[in-house]
There are 2 protein chains.
Amino acid sequence: MVTIKDIAKAANVSQATVSRVINNGPKVGPVKRAHVQRIMDELGYRPNLAARAFVTNKFTSLGVLVPEILDPFMATFAHHIEKLCQSIGLQTFITSGHNDVIKEKLAIENLLDHRVSAMVLHSKVISDEDLLKYSELCPGLVLINRLVPGLEDRCVWLDNRMGSELVVEYLFSMGHRKFAYINSDFDIDDPQLRLEGVKSCLTRHNVKLPDSAIAYAPPFHEGGAQAVESLIAGGTKFTALVTYNDAMAVGAMNFMLDQGIHIPRDVSVVGFDDVVYARDARPQLTTMRYPISMMAQAAASIAIQSAQQQTIDPTIQRKYTPSLIRRQSVIERM
Amino acid sequence: MVTIKDIAKAANVSQATVSRVINNGPKVGPVKRAHVQRIMDELGYRPNLAARAFVTNKFTSLGVLVPEILDPFMATFAHHIEKLCQSIGLQTFITSGHNDVIKEKLAIENLLDHRVSAMVLHSKVISDEDLLKYSELCPGLVLINRLVPGLEDRCVWLDNRMGSELVVEYLFSMGHRKFAYINSDFDIDDPQLRLEGVKSCLTRHNVKLPDSAIAYAPPFHEGGAQAVESLIAGGTKFTALVTYNDAMAVGAMNFMLDQGIHIPRDVSVVGFDDVVYARDARPQLTTMRYPISMMAQAAASIAIQSAQQQTIDPTIQRKYTPSLIRRQSVIERM
DNA sequence: CTGAAAGCGCTTACAG
DNA sequence: CTGAAAGCGCTTACAG
């Protein structure tokens, strides 16, 4: 690889001058500038960004931590971060932590050791304390889908509770009175918050949600099927099925359809997230839209700004509320 | 951040010694080693991987280029690369090129400038010449899903032609004689190769595929719907619908279902790729499995080995053939 | 406008 | 077993 030295020698100028023309730096004579430029072109010089990053100790890459890139929700998240970074010439390091404390920590520490100056973390299993510790090490650290006390201004999160309240409110307004809920069995706070939302809204309407009408399973397609299966096997009767996410919703719908239960005539179903395939399902899934693209962009912006020690644009929203997308999986109940 | 110098000073040894204990290097006295280690722990020293990479000029990260991380197929691909890299402590840079020549080149050049020593590229739009040129600049460059003449040993590809032949062969054996094909309208070679496979197999069986039985659209869910719609509107009759990929297949199935056409009773449908949601569709989609996880791992292994100038493990397979996954979207035609 | 020199945080011959 | 020194490819005061 040809280096700045080679160019300096070939152009018969100093390294400093070469560096200045590379960076369109200040005050280099137009003649010399053109000359150096020509030599660089001839020799096919490419600046070593790694070296530059090292010496300037500045901002060239942003780390992203997701539990699992295969998850379409996470892919969407990563996509929007990458898109924003690409537009400003930032490389993105993507790593996954698989919802495992050890792995997530290793991944973050590796990012830290690579001296990324910004990172956007989707981490649900690391403790608040550890996150606080990491945030001190990396001023550009931002959390998505999580609210850490003491780090509020570097968190971008969703009001999960409100999300499920809106779902239940809607189903209630459609005449439903018999509810069931299938929840994720992951030991993180989202399932708990969403369940709380469901319960509090139901309580407000004096509708009971017995424990037997709540089933837990992994938050995937199969989990959704398992969960409704156990609900049905347990004799629970319901006209409205609220689910933790779209994957479970579709799994549950498919299971019921396979059993000859008609959706939405027999059971109305509502998902959560509005991932790509919600609309591809049959019937098309009514769901809460998680504004992940806006949130991802907000998180990346905050990360970049705080990495640069800038004051953060106060208009960037940090708390989001999902919105109802009505499709075909819910019907009015008289 | 505490540096190696700080440690050297605090431990009252040379930088060289510190460096040796960091790297578990050769011959450092056990007492000194322990002492230095203790100081490092106390001061919370973390080696600067960027600096190390810079000086050793070695292998610390691998670049991945995909058209679009949102595409579940690409997400799967990226996932498997990342997993393999993670297991050996390699960071992955993920970038996307959106099937645009300019963007793809920029992305690759950026990767190059960052001095990644290996990269796995899913590129369909850059010319063979350019790829050859890049491959000289980066010995660890590997192509996936593409075969570049002169670069065969650093390509991992699928026999697309054979894939569609197998699809048609199967449908033929199930008694189908009236075929239609919906293809991607992207200007890359895969659609062409897959179509060739369809045609050649049909020709072998003396079945005609008139141009009116072929429709082109973008290779997504909506495209699938559009394509069948135009086929049906054009008056084409078929009992078997062969599709470019699962997304189009599901889009087409949903469109037909919405029209009251029963799948598979009226029309049998076969996809291609076997992405996650093929099994979640109703009816479950019969499709060709693209062995993307094996291929991704093979590509990453080759990239890593050739980046290290190792001789490449000859047992690593480079050409793959997809295999038929029978589910519910095909029925026998008497 | 231009250059000589120092320095970023590491590793690695080389010498002892 | 240990240290002094050079060097990786850049940038950036500093001096002129």
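Every chain is numbered from 1 and lettered A, B, ... according to where its sequence line falls, protein lines coming before strand lines.
When the side-chain nitrogen and oxygen atoms of B/Ser14 are compared with OP1 and OP2 of D/dA4, none of them lie within a distance under 4.0 Å. Residue B/Lys5 has no polar side-chain atom (N or O) positioned under 4.0 Å from OP1 or OP2 of C/dG7. For the pair B/Lys32 and D/dT2, the criterion of a side-chain N or O lying under 4.0 Å from OP1 or OP2 is met. Residue B/Thr3 places none of its side-chain N or O atoms closer than 4.0 Å to OP1 or OP2 of C/dG9.
Heavy atoms of other residues, nucleotides or ligands lying less than 6.0 angstrom from NZ of B/Lys9 number 12 at most. Within 6.0 Å of CG on A/Asp187 lie no more than 12 heavy atoms contributed by other residues, nucleotides or ligands. The local environment of NZ in B/Lys124 is crowded, with over 12 non-hydrogen atoms from other residues, nucleotides or ligands closer than 6.0 Å.
The distance between atom CZ of B/Arg52 and atom C1' of C/dC8, rounded to the nearest whole Å, is 16 Å. Between B/Ile4 atom CD1 and C/dT12 atom C1' the separation is 12 Å, expressed in whole Å. The nearest whole Å value for the distance from the CG atom in A/Asn23 to the P atom in D/dA13 is 13 Å. A/Arg33 places its CZ atom 9 Å from the P atom of C/dT2, with the value rounded to the nearest Å. The nearest whole Å value for the distance from the NZ atom in A/Lys9 to the C1' atom in C/dG3 is 16 Å. Regarding A/His35, its NE2 atom lies at a distance of 12 Å from the P atom of C/dT2, rounded to whole Å. The CD1-P distance, from A/Ile7 to D/dC10, rounds to 9 Å in whole Å. Rounded to a whole Å, the CD1 atom of B/Ile22 is 13 Å from the P atom of C/dG9.
Between A/Phe93 and A/His114, the ring planes are tilted. Angles from 30° to 60° get that label.
The stretch residues 38-51 of chain B comes close to DNA chain C through B/Tyr45, B/Arg46, B/Pro47, B/Asn48, B/Ala51, each having a heavy atom under 4.0 Å from the strand.
Candidate nucleotides C/dT12, D/dC8, D/dG9 were compared by shortest atom distance to the side chain of B/Val55, and D/dC8 ranks first. With C/dA4, D/dT11, C/dC10 as the candidates, the nucleotide lying closest to the side chain of A/Gln15 is D/dT11. For B/Ala16, counting side-chain heavy atoms from C-beta on, the closest listed nucleotide (C/dG3, D/dT2, C/dT12) is C/dT12.
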- Task: Please step through side-chain contact (heavy atoms from CB on, under 4.5 Å) for the pair B/Ser96 and B/Leu65, ending with a clear verdict.
- Result: CA-CA 5 Å; B/Ser96 49; B/Leu65 175 74; 5.6 Å; no
| Should A/Met40 and A/Val21 be marked as a side-chain contact (heavy atoms from CB on, under 4.5 Å) after you check the CA-CA gap, both sets of side-chain angles, and the distance that decides it? | CA-CA 10 Å; A/Met40 293 202 303; A/Val21 353; 3.7 Å; yes
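Across all strands, B/Ser19 comes closer than 4.0 Å to base atoms (heavy-atom distances).
Both B/Met1 and A/Arg20 lie close to DNA chain C; mapped to their nearest nucleotides by heavy-atom distance, the more 5′-ward contact belongs to A/Arg20.
Across all strands shown, nothing is found opposite D/dA13 as a Watson-Crick or G-U wobble partner with both distances under 3.5 Å. Across all strands shown, C/dA4 forms no Watson-Crick or G-U wobble pair with both distances under 3.5 Å.
Of the residues A/Asp273, A/Asn145, A/Asn160, the one that meets the side chain to side chain donor-acceptor pair (under 3.5 Å) test with A/Tyr290 is A/Asn145.
The salt bridge (Lys or Arg N to Asp or Glu O under 4.0 Å) pairs that include a residue from residues 89-102 of chain A number zero, where partners must be two or more places apart or lie in different chains.
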